[in-house]
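All of these numbers come straight from a predicted model, not from anything done at the bench.
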Amino acid sequence: MEREDNPWDEHAILLGDSQRRKCGYIPANENVIFARLMDAGKLLKAKVVEKDVLEGKSRRPQNRHWYKIRVEVYLVDF
């Protein structure tokens, strides 16, 4: 989880994998508390607990599938 400077969402939190590839975002309606904790210096980690493959309507084969993931967020204790 990483805070992101985002003009559309002042509390944006990027989700990335262990190789720092972009996976998505915490939804805007759920990210305020997590963003405040992170801004206060707390380390949060997310764990994928559910993944659904959904069909898109793109003409490009690489864009026809996308994933809906459910994560659990943990506060890391130093």
Side-chain angles (χ1 to χ4, degrees):
M1 297 177 69
E2 183 178 317
R3 289 283 275 126
E4 182 179 77
D5 185 22
N6 186 318
W8 297 278
D9 181 2
E10 67 180 302
H11 302 109
I13 299 173
L14 176 67
L15 294 173
D17 66 10
S18 61
Q19 296 171 341
R20 301 188 63 81
R21 293 178 294 199
K22 181 178 174 179
C23 296
Y25 292 89
I26 298 290
N29 63 335
E30 299 178 11
N31 67 5
V32 174
I33 292 173
F34 298 137
R36 288 182 180 164
L37 286 167
M38 293 174 78
D39 292 347
K42 303 298 182 185
L43 179 61
L44 301 177
K45 295 282 183 178
K47 178 182 176 183
V48 176
V49 295
E50 189 177 326
K51 178 176 75 171
D52 292 324
V53 179
L54 303 170
E55 295 294 326
K57 296 181 180 181
S58 175
R59 292 181 183 174
R60 296 181 182 166
Q62 68 270 25
N63 294 338
R64 288 190 187 148
H65 295 46
W66 57 284
Y67 298 93
K68 178 180 179 181
I69 61 173
R70 189 171 73 86
V71 298
E72 291 178 351
V73 177
Y74 298 92
L75 177 62
V76 178
D77 190 18
F78 294 101

Engineer: State which residues pass side-chain hydrogen bond (donor to acceptor under 3.5 Å, both in side chains) with Tyr25; sequence neighbours excluded, sorted by chain then number.
Structural biologist: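 Only Glu4, Lys22 meet the side-chain hydrogen bond (donor to acceptor under 3.5 Å, both in side chains) criterion with Tyr25.
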Engineer: Using every non-hydrogen atom in the two residues, find where Gly24 and Leu14 come nearest and quote the distance to one decimal.
Structural biologist: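 In this case the closest contact between Gly24 and Leu14 is O-CD1, 3.4 Å.
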Engineer: Other residues, nucleotides and ligands only: do more than 12 of their heavy atoms fall within 6.0 Å of CZ on Arg20?
Structural biologist: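 Counting neighbours around CZ of Arg20, 12 or fewer heavy atoms of other residues, nucleotides or ligands fall under 6.0 Å, so no.
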Engineer: Tell me, with the steps shown, if Val71 and Ile26 meet side chain to side chain contact (heavy atoms under 4.5 Å, CB included).
Structural biologist: CA-CA 9 Å; Val71 298; Ile26 298 290; 4.2 Å; yes
Engineer: Can you list the residues that meet the salt bridge (Lys or Arg N to Asp or Glu O under 4.0 Å) rule with Asp5, with sequence neighbours excluded?
Structural biologist: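 Expected list: none.
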Engineer: State, to 0.1 Å, how close Ala46 and Leu15 come at their nearest heavy-atom pair, and which atoms those are.
Structural biologist: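 That closest heavy-atom pairing would be CB-CD2, 3.9 Å.
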Engineer: Please find the pair of heavy atoms, one from Asn31 and one from His11, that lie closest to each other, and give the distance.
Structural biologist: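 Nearest heavy atoms, Asn31 then His11: ND2-O, 2.9 Å.
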Engineer: Who pairs with Asp17 by side chain to side chain contact (heavy atoms under 4.5 Å, CB included), at least two apart in sequence or on another chain?
Structural biologist: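 In terms of side chain to side chain contact (heavy atoms under 4.5 Å, CB included), with neighbours along the sequence ignored, Asp17 is linked to Gln19, Arg21, Cys23.
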Engineer: Say whether Val49 and Val73 are linked into one hydrophobic cluster, either directly or through other cluster members, by side-chain heavy-atom distances under 4.5 angstrom.
Structural biologist: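 Result: no, two separate clusters.
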Engineer: For a quick test of reading the model, state the closest non-hydrogen atom pair linking Met1 to Lys45 and the distance between them.
Structural biologist: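 Closest pair (atom of Met1, atom of Lys45, distance): SD-C, 3.8 Å.
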Engineer: Leu75: what forms a side chain to side chain contact (heavy atoms under 4.5 Å, CB included) with it, not counting sequence neighbours?
Structural biologist: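 Residues passing side chain to side chain contact (heavy atoms under 4.5 Å, CB included) with Leu75: Lys42, Leu44.
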Engineer: What closest approach, in Å, do Asn6 and Ala12 show between heavy atoms, and which atom pair accounts for it?
Structural biologist: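 Residues Asn6 and Ala12, closest heavy atoms: CB-CB, 3.6 Å.
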Engineer: Rest of the hydrophobic cluster containing Tyr74 (Ile/Leu/Val/Met/Phe/Trp/Tyr, side-chain heavy atoms under 4.5 Å)?
Structural biologist: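 In the cluster with Tyr74 there is nothing else; it is isolated.
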Engineer: Calculate, to the nearest 0.5 Å, the distance between atoms NZ and NZ belonging to Lys68 and Lys51 respectively.
Structural biologist: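 The NZ atom of Lys68 sits 15.0 Å away from the NZ atom of Lys51.
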Engineer: Holding to side-chain hydrogen bond (donor to acceptor under 3.5 Å, both in side chains), I want the full list of residues that pass it with Arg3, two or more places apart in sequence or in another chain.
Structural biologist: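 Once residues adjacent in sequence are excluded, the partners of Arg3 under the side-chain hydrogen bond (donor to acceptor under 3.5 Å, both in side chains) criterion are Asp39.
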Engineer: Tell me, please, which residues at least two apart from Pro27 pass side chain to side chain contact (heavy atoms under 4.5 Å, CB included).
Structural biologist: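 For Pro27 the side chain to side chain contact (heavy atoms under 4.5 Å, CB included) partners, ignoring immediate neighbours, are Asn29, Glu30.
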Engineer: Checking Glu72 now: which residues fulfil salt bridge (Lys or Arg N to Asp or Glu O under 4.0 Å) with it, not counting sequence neighbours?
Structural biologist: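 In terms of salt bridge (Lys or Arg N to Asp or Glu O under 4.0 Å), with neighbours along the sequence ignored, Glu72 is linked to no residue.
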Engineer: State which residues pass side-chain hydrogen bond (donor to acceptor under 3.5 Å, both in side chains) with Glu10; sequence neighbours excluded, sorted by chain then number.
Structural biologist: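 For Glu10 there are no side-chain hydrogen bond (donor to acceptor under 3.5 Å, both in side chains) partners, ignoring immediate neighbours.
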